[in-house]
Every structure is written in structure tokens, then in C-alpha cells.
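Quick notes on the structure that follows.
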Amino acid sequence: MKYVSTRGQAPTRSFSDILLAGLAEDGGLYMPESWPQFSKDEWRAMRSLSYPELAARIIAPFAEDSLTHETLSKLCHDAYARFDHAAIVPLTQMEDGLFVQELFHGPTLAFKDMAMQLLGRLFDHVLNERDERVTIVGATSGDTGSAAIEACRGRERLTVAILHPEGRTSEVQRRQMTTVLDPNIHNLAVQGTFDDCQDLVKAMFADLPFRTDMHLSAVNSINWARIAAQIPYYVYSALQLGAPDREVSFAVPTGNFGNVLAAWVARQMGLPVKHLCVGSNRNDILTRFLHSNDMSTRKVVPSLSPSMDIQVSSNFERLLFEVMGRDAQACANLMTGFRTTGKMDVPSKAWEAISTLFSGKELDDAATTAEIRSLYEKNRYLADPHTIIGIAAGRAFREPGVPMVAMATAHPAKFPDAMREATGITPALPPSLADLFEREERYRVVSNDLTVVEDAIRASVLANSR
Ligand SMILES: Cc1ncc(COP(=O)(O)O)c(C=O)c1O
Ligand SMILES: N[C@@H](CCOP(=O)(O)O)C(=O)O
């Protein structure tokens, strides 16, 4: 499979090239040239596969120019060996027609492990083959950072610098990042929001001398490999619920739009996905857009679901590119306009195509707490403040005869204060993290300034190469 940029001004590349490149040189996001297709019989045959085998089968067509099936299969088996549930992504019925799929059984207790455990191994494999090293820069609102750090710690060919917004993650999330003291891991607490961190990452990629010097690479969902590795769990639950002989819908709590985009990709590949429902907190740019074509940024408000405190959803660009008939120039114009004005005038035809398939529901903090409490009282199920937003969205748009699967994106123990407030229960961290609050922390506070951040990263790379 070859990959093209959504902005049309970067060279077409292979899977391993885009794995290492992360963001295209023209500022665009890489997309596969075409969508791999599976026939109904091929989907049916996947029902008997274990999760790692299914993941290898789904990802293979995206990576066939770079990895043999045997290599990919081995990497998938290794990646999911560390998960603490036999099913990897267990599916539970919550109510009539409403299911919850748990994606948080990996080492850092959030759905990011699903892709990141594979990504760390893919980086290692490709860099060993090429005898190269890279510097990974990532932005996190709480979960991507710890998942990336856990997947990349101690890997010789990787230096990792993760930017998080100072004081805007939960304490558990921060400590999961800052207590990892391996010499190749560097945490920067930026005095700003997640959107500032993401802007800094994109600005580092746009600074070509810095990008080339540092051999920059990305672990955020701007990296296509992240999206590819998030597709299999949608396939897994759809097959369990009767696909390809029955339609299924998904509900996903949304921030950077990477998770739900993977569900949309599964649909592009022929999986019968009827509807995609996204949930947001008060930072509701995406749900506002779906309701009324209002894609305008507002000030980010801290919420009980900090990982979704995002205004600029990177992956929306990929969807836009596709629904505008892959017109890269039109896509580039819209993205440049959005960056300068904070408002995007999505053509009405594109908006209609998107809002026919996607629906959105917003929950403020009070509603989030009430929903956590009510689900616990009815089902004795503890849903974290992100997951509950997806469940509420799924419930709102459920249709008779079409199973709705809501994605449980984080373990409730990552957000103890919110859980205690809603239910009176403080969920325990698993034994691997039981001493998290006694561990030493290491991070550096930096201003929201490109030069300051680049200098800090240069120093980290130098220190790691000694
Ligand atoms: C727990 C949790 N839920 C939901 C989201 C939103 O996912 P996405 O950014 O892929 O839309 C995130 C952050 O990405 C998260 O960490
Ligand atoms: N919510 C995310 C934000 C970054 O998202 P990504 O999927 O693009 O890495 C986080 O937890 O950091």
C-alpha cells in the first residue's frame, strides 16, 4: 500500500516510511491510496481468529509493502501478550441493544495501549532493519503519553519527548508518565493546553532543519500506523455481534477523532457499520459541527474527562479529505483557513455526508457525574468519565435491531476523584501501579514556546546519545 498526503504536496510513500515520518512534509496527514476490501466470506472466516491473529489480518493490507505476514503476526502476538484479560477487548451487554467493549486492559489502562504496544514494536523492527534512530515527539492530554512511554521505554533506537499540559491531566495520568525514569524518556510539562502541545508538535515537524536533524517521528494519531492498529477491535466486536450478516453501530468518546476514525475506516473496508456516534464534554467543537456545521474553536475548559479537553481534532482532516473526493488543494485551503481564523467553512455537501453517518452528543460535568452514578446504581458498572460519555451517546442514538457498541476507553482508576464524587467508590489501581504515588517523578516545566521546547528536546537527544 502506498500513502498520500491530505494536502497533496508530499511524496507518496510506503508503510514503513510513513511510520517513521509521522506527519507529511506539507503539514498534511498520510492516508492509504485506496481502501483494502474484504468479502463477506473473508469477514466470516475472521470470526474464528484470536485477537492478535485478527489484528495481523486487518493490518496486513496496509503494511504489505513493508512487513511479511509472519513478522506482523509475531509483532501482534507480542504486543497483546501483556494485556490482563484473556479476550484482550472483552465485550459486555449493558442494556437492550447496548454493549460496552473494554479497551483498557493494557499496561497503562487506556485504549491507547491497543495501538501503542504494537507501534513500539513496529518502530524497533523497522529501525533495526534500517540501522537508524529516531526522536519521537508526542502531545498528550493524559493517555497517549503514558502509553507511548510504556511502549518505547528502554528501546535503544528511540528517544521520546512527551509534551503534556501542566496541571491539566489527572494525577494518576501525570505520574504514569513522569515516574518512568529510563534515560530515553523525557517529559515536558507545557504551560498551556493540550491544543498548545499539539501545535508545538506540528510546528516542530514544520521546522524542516529541526525535523531532519532530530529525525523526528510521531506517536500521536497523526501517525497512520496508530489508526491502522485501532481498526481491529471494531472488527472484533462487529463479528461477535453478527457482522457481516448484520449491521452494527459504534459510540465513541471523542477528542482528537482518531479512535472513531478507525471505526470509519473499518466501514470503508466493507464492515457493515450503520452509524457512528461521538460523545464530547463541554469542549464540544465536534458535536457542534455535527449538529449545525459550526466548526469554530472556543477556549478550552478543563473537565472531568481531561483526555478529551481538545478543540482541534487532528484526524478530522482525514475524513474531510475523503468526503471532499480527495481534493487535496481544497483540504489544504480549509485547514490553512482554520489555523488562521479558528473557524472552518465546511462545504454543505461534505457536512451533509458526514452528519448523515455521524451523530454527536455532548455531556457537561454535571451530566457526566449523574450518568456515572446512574449506570453504577443500575448495573454495578464503573465507567470512567470518558467512557460514560460514549455510553450516553450510544444510548441516545440506539436503533432497534442494530447493536450499538460503546467503547470503554479508560480504566476508572485513572480518575479516582471523579469516580468517588459520582459513586463514593475509589477504584483501586492494579498491582503493577499500586505504588504509583510513592515513585519518584521527573519532568521539566517549559513555557509554550517553540524555541524553548526545541532546545529542551535537543538537550534530551544529546543526553540520550552519550
Ligand atoms: C480515555 C480517552 N477517551 C477518549 C479519548 C478521545 O479519543 P480520540 O482522541 O481518539 O478521539 C481519549 C484521548 O484520545 C482518551 O484518552
Ligand atoms: N486524548 C489524547 C490526545 C492525543 O490523542 P492521539 O490519539 O492523537 O494521540 C491523550 O490522551 O493524550
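Along the sequence shown, the residues carry numbers beginning at 1. Atoms within a ligand are numbered from 1 in the order they appear, just like the ligands themselves.
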Are more than 12 heavy atoms from other residues, nucleotides or ligands located less than 6.0 Å from atom CZ of Arg339? no
Is the number of heavy atoms from other residues, nucleotides or ligands under 6.0 Å of Glu440 CD greater than 12? no
From [options] - option closest to [atom] by heavy atom:
| atom | options | value |
| --- | --- | --- |
| atom 16 (O) of ligand 1 | Leu109, Thr140, Asp143 | Asp143 |
| atom 3 (C) of ligand 2 | Gly138, Ser221, Ser141 | Ser141 |
| atom 12 (C) of ligand 1 | Phe104, Phe111, Phe257, Phe415 | Phe111 |

Could you say whether the N/O atoms of [X] and ligand 1 ever approach to under 3.5 Å?
| X | result |
| --- | --- |
| Thr144 | no |
| Ala410 | no |
| His386 | no |
| Asn259 | yes |
| Thr409 | yes |

Parallel, tilted or perpendicular, as decided by the 30° and 60° cut-offs, for the rings of Phe15 and Tyr3: tilted
Under 4.0 Å, heavy-atom basis, I'd like to know which part of [X] is in contact with ligand 2: side chain, backbone, both or neither.
| X | value |
| --- | --- |
| Lys112 | side chain |
| Met308 | neither |
| Asn220 | both |

Would you mind running through ligand 2 and noting each atom that sits below 4.0 Å from a heavy atom of [X]?
| X | result |
| --- | --- |
| Thr144 | 2 (C), 4 (C), 5 (O), 6 (P), 7 (O), 9 (O), 10 (C), 11 (O), 12 (O) |
| Arg226 | 6 (P), 7 (O), 9 (O) |
| Phe194 | 3 (C), 4 (C) |
| Gly142 | 10 (C), 11 (O), 12 (O) |
| Asn256 | 4 (C), 5 (O), 6 (P), 8 (O) |

Give a yes or no on whether a salt bridge exists between [X] and [Y], defined as a side-chain N under 4.0 angstrom from a carboxylate O.
| X | Y | answer |
| --- | --- | --- |
| Arg174 | Glu441 | yes |
| Asp182 | Arg153 | yes |
| Arg282 | Asp364 | no |
| Arg13 | Glu25 | yes |

Is the shortest side-chain heavy-atom distance between Arg168 and Ser141 below 4.5 Å? no
Under 3.5 Å, is there a donor-acceptor pair between the side chain of Gln311 and the main chain of Arg298? yes
For Ser307, is there any backbone N or O sitting under 3.5 Å from a side-chain donor or acceptor partner on Asp143? no
Shortest protein contact, [atom] (heavy atom only):
| atom | result |
| --- | --- |
| atom 12 (O) of ligand 2 | Thr140 OG1, 2.5 Å |
| atom 11 (O) of ligand 2 | Asp143 N, 2.7 Å |
| atom 8 (P) of ligand 1 | Asn256 N, 3.5 Å |

Heavy atom of Lys112, distance to ligand 1 below 4.0 Å: yes
Is it true that Pro253 lies under 4.0 Å from ligand 1, counting heavy atoms only? yes
Centroid-centroid under 6.0 Å between Tyr234 and Phe250 rings: yes
Proximal atoms of ligand 1 relative to Gly258 (non-hydrogen, under 4.0 Å): 8 (P), 10 (O), 11 (O)
Identify which one of Glu150, Glu171, Lys414 satisfies the side chain to side chain donor-acceptor pair (under 3.5 Å) criterion when paired with Gln176. Lys414
Heavy-atom pairs closer than 4.0 Å: do any link ligand 1 to the side chain of Ser307, the backbone, both, or neither? both
N or O pair under 3.5 Å between Gln198 and ligand 2: no
Quickly, which of Trp351, Phe397, Phe257, Phe316 forms a ring-ring contact (aromatic ring centres under 6.0 Å, His included) with Phe358? Name it, please. Phe257
Return the minimal non-hydrogen interatomic distance between Pro403 and Glu247, and the atom names on each side. CD-O, 3.3 Å
